[in-house]
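This report concerns only the one structure given below.
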Amino acid sequence: MDIVIVADYQELSEIAAGYVIAHMKKKPRTVLGLPTGSTPEGLYSRLVEEHRKGGLDFSTVTTFNLDEYLGLGPDHEQSYRHYMQKRLFGRININEEHTHIPDGLARDTDRCCRDYEHLIESVGGIDLQVLGIGRDGHIGFNEPGGSLASRTRVVVLAPETVEDNSRFFSSVDEVPQLAVSMGLGTISDARRCVLLACGEQKAEAIEQSVEGPVTAMVPASVLQMHPETTLIVDEAAASRLRRKNYYRAVQEKREHIAQIN
Ligand code: GLP
């Protein structure tokens with residue numbers, strides 16, 4: 001795992017945007033895997049800005065979101081389709097037909113999950129998967145205790161996740177308990193992953209994901225097995241990493257290594 005420790009949220013968003021933009025420039029038909037939550041909001045704002053000012057072109061880009069609450073339709077303010085529309089899709093020149101999010105209103109959920117996997121496969125897989133992380137180490141909505149090889153499926157949200165996400169709803173009772181989420185196996189198939197984390201409340205999950213054992217109890221730890229994963233964390237989220245100074249030293253040497261190569 002490459003670990004990039006940044007000063008603050010603004011820098012985190014800038015660097016994350018840099019990864020996305022670099023992928024899009026290298027491969028205009030890039031397939032992006034996208035997260036929701038508060039963490040990627042700065043990244044989406046930067047991409048919108050780059051589109052408006054710098055002409056960043058999304059017309060050939062395809063996206064797959066990680067997850068969606070079961071029971072919420074696209075018009076629901078807290079659905080992830082609504083989130084994406086408001087923060088990114090509705091503000092750039094992406095073809096709506098190229099934006100994919102699991103259907104929160106699907107009647108046949110098994111089929112919806114199977115179709116989602118096939119769709120990802122049919123476009124050649126995900127080039128760059130951006131991820132956030134939950135306090136309990138979840139990525140997408142893959143909660144502790146699931147399979148490290150899981151595929152897109154219906155998942156039950158953990159009580160901590162329901163509580164954390166209740167800040168977006170008028171009460172905790174309104175938070176759906178079920179969701180459709182890409183699995184850890186689906187995420188691991190992406191050619192490259194970038195995990196973003198900021199704030200002290202993520203420090204423990206980051207420590208366990210990076211320096212702990214690979215275990216289904218910390219879903220993000222599966223990324224230790226992924227050959228092309230970059231973790232971008234602010235100082236607070238990195239605060240519990242025991243080998244912080246070493247990661248910093250690697251970061252400083254990276255330019256030098258790039259020159260040798
Ligand atoms: C939700 C999403 C995750 C996201 C997590 C953390 O549970 N399903 O994909 O990473 O929230 O969100 P935040 O960035 O708001 O802390």
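Note that the structure is predicted; figures quoted are calculated from it, not measured. Start at 1 and go down the list; that is how both ligands and their atoms are numbered.
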Using a 4.0 Å heavy-atom cut-off, say whether [X] meets ligand 1 through its side chain, its backbone, both or neither.
X	value
F168	neither
R167	side chain
L131	neither

Give the numbers and elements of all ligand 1 atoms closer than 4.0 Å to a heavy atom of [X].
X	value
N165	1 (C), 7 (O)
G140	2 (C), 3 (C), 8 (N), 9 (O)
G37	12 (O), 14 (O), 15 (O)
T39	13 (P), 14 (O), 16 (O)
G132	10 (O)

Quick one: nearest non-hydrogen protein atom to [atom], plus distance?
atom	answer
atom 4 (C) of ligand 1	T36 O, 3.9 Å
atom 11 (O) of ligand 1	H138 NE2, 4.0 Å
atom 16 (O) of ligand 1	K202 NZ, 2.6 Å

Knowing that exactly one of H23, E228, Q129 qualifies, which makes a side chain to side chain donor-acceptor pair (under 3.5 Å) with R192?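 The single option meeting the side chain to side chain donor-acceptor pair (under 3.5 Å) with R192 is E228.
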
If we count only N and O atoms by modelled type, under 3.5 Å, do the side chains of [X] and [Y] hold a donor and an acceptor together?
X	Y	value
T161	H138	yes
S221	Q208	no
T229	H226	yes
S239	E200	no
T99	R81	yes

Would you check whether D67 has a nitrogen or oxygen atom less than 3.5 angstrom from a nitrogen or oxygen atom of ligand 1?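 Such a contact does occur with ligand 1.
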
Would you say I133 and ligand 1 have an N/O pair spaced under 3.5 Å apart?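 In this structure, I133 places an N or O atom under 3.5 Å from an N or O of ligand 1.
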
First locate atom CZ of R151, then atom CG of D189, and finally report the distance between them rounded to the nearest 0.5 Å. 4.5 Å

Under a 4.0 Å N-O cut-off, is there an ion pair linking R248 with E235?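 Yes.
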
Closest heavy-atom pair and its distance - A236, A203: O-CB, 3.6 Å

